[in-house]
Amino acid sequence: MGYQKTILSAFKQQYQDLTFKQMGELTGIQSTRLFRLYNGHEMRLSEYEILEKLLRSSQHSLNRWQNMIQEILTLTSAQEARTLELSLERLIYKKRLQEIPEVTLSLQTTA
């Protein structure tokens, strides 16, 4: 049971913004089953494997990004690295702006 808590905790930390329904869609495990697992029911081997595989792939992706950043820093000039940094910051800013819900204001006319 100790490893189950560890893997569930790591999964929840990695995918903290997901609901049980979204986690179910990601893993292929029913959302009600995931809820029961988080509340102490014993995990099946296939469920361990699914969660472990997702955690490993996300860790691999993170390592790959870190390696690419290191390589960029060693291969480019300071100015080129700064240009790339600014481009990434702009991309992040644009994506965050897209997440903000639009507010529609109605203009009231008075007669």
Side-chain angles (χ1 to χ4, degrees):
M1 242 358 201
Y3 185 64
Q4 177 173 330
K5 285 184 181 182
T6 302
I7 198 166
L8 286 171
S9 175
F11 187 79
K12 189 65 175 173
Q13 183 178 2
Q14 182 69 34
Y15 299 97
Q16 59 190 337
D17 296 331
L18 298 183
T19 63
F20 281 112
K21 181 179 179 181
Q22 292 167 327
M23 283 190 280
E25 292 169 357
L26 177 66
T27 62
I29 301 170
Q30 292 182 354
S31 58
T32 54
R33 176 68 181 154
L34 286 166
F35 180 80
R36 289 194 304 272
L37 293 175
Y38 274 95
N39 285 294
H41 282 251
E42 194 167 332
M43 198 181 284
R44 298 180 192 122
L45 179 59
S46 60
E47 294 163 340
Y48 275 115
E49 291 171 342
I50 290 168
L51 297 179
E52 181 102 20
K53 184 178 180 182
L54 283 169
L55 287 171
R56 270 190 269 118
S57 69
S58 65
Q59 184 62 41
H60 173 71
S61 179
L62 178 62
N63 289 341
R64 183 177 164 173
W65 274 100
Q66 290 171 336
N67 290 339
M68 284 192 302
I69 290 168
Q70 271 313 117
E71 191 169 357
I72 286 170
L73 291 174
T74 58
L75 296 176
T76 60
S77 68
Q79 184 178 1
E80 290 172 320
R82 180 69 180 142
T83 302
L84 180 59
E85 179 183 346
L86 291 172
S87 296
L88 290 173
E89 286 175 353
R90 275 193 298 270
L91 178 63
I92 291 168
Y93 179 74
K94 286 179 183 178
K95 292 295 180 182
R96 286 187 177 155
L97 282 178
Q98 290 173 354
E99 292 175 356
I100 298 172
E102 289 186 35
V103 178
T104 55
L105 299 174
S106 61
L107 298 174
Q108 297 179 354
T109 56
T110 56

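Residues take their numbers from the sequence shown, with the count starting at 1.
- The shortest heavy-atom contact between L37 and L8 is O-CD1, 3.5 Å.
- Residue F35 is grouped with residue L54 when hydrophobic side chains (ILVMFWY) are merged at heavy-atom distances under 4.5 angstrom, including chains of intermediate members.
- Annotation: salt bridge (charged side-chain N to carboxylate O under 4.0 Å, His left out) contacts involving residues 21-34, sequence neighbours excluded, comprise R33-E47.
- Residues R64 and S61 fail the side-chain proximity criterion, which asks for heavy atoms closer than 4.5 Å.
- Within the structure, salt bridge (charged side-chain N to carboxylate O under 4.0 Å, His left out) pairs that include any residue of residues 71-80 do not occur (at least two apart or interchain).
- Counting side-chain heavy-atom gaps under 4.5 Å among Ile, Leu, Val, Met, Phe, Trp and Tyr, the cluster of W65 also holds M68.
- Across all their heavy atoms, T27 and L34 have their closest contact at OG1-CD1, 4.1 Å.
- The hydrophobic cluster analysis finds L45 isolated: no Ile, Leu, Val, Met, Phe, Trp or Tyr side chain comes under 4.5 Å of it, directly or through other members.
- Annotation for A81 and L73: closest pair CB-CD2, 4.2 Å, computed over non-hydrogen atoms.
- In the hydrophobic clustering (ILVMFWY side chains linked at under 4.5 Å, chained through shared members), L86 stands by itself.
- Looking only at side-chain heavy atoms (C-beta outward), L84 and T76 stay at 4.5 Å or farther from each other.
- Scored by the side-chain contact (heavy atoms from CB on, under 4.5 Å) test, N63 finds Q59, Q66 as partners (sequence neighbours excluded).
- I92 shares a hydrophobic cluster with no other residue; no ILVMFWY side chain has heavy atoms under 4.5 Å from its own.
- Looking at residues two or more places apart in sequence or on another chain, you find a side-chain contact (heavy atoms from CB on, under 4.5 Å) between K95 and L91, Q98.
- Listed by chain and number, the residues in a salt bridge (Lys or Arg N to Asp or Glu O under 4.0 Å) with R36 amount to none (sequence neighbours excluded).
- Atom CD of Q30 has 12 or fewer neighbouring heavy atoms from other residues, nucleotides or ligands inside a 6.0 Å radius.
- Evaluation of the side-chain contact (heavy atoms from CB on, under 4.5 Å) rule for A10 yields L55 as partners, not counting sequence neighbours.
- Annotation: side-chain contact (heavy atoms from CB on, under 4.5 Å) contacts of L18 (sequence neighbours excluded): Y15, Q22, M23, L26.
- In this structure, the ring pair (Phe, Tyr, Trp, His ring centres under 6.0 Å) partners of Y38, at least two apart in sequence or on a different chain, are F20.
- Linking Ile, Leu, Val, Met, Phe, Trp and Tyr residues whenever their side-chain heavy atoms come within less than 4.5 Å leaves I69 and L62 in two separate clusters.
- Interatomic distance, OG of S9 versus CD of Q4, reported as 12.0 Å (0.5 Å rounding).
- With respect to E99 and R96, no salt bridge is recorded, no charged nitrogen being found less than 4.0 Å from a carboxylate O.
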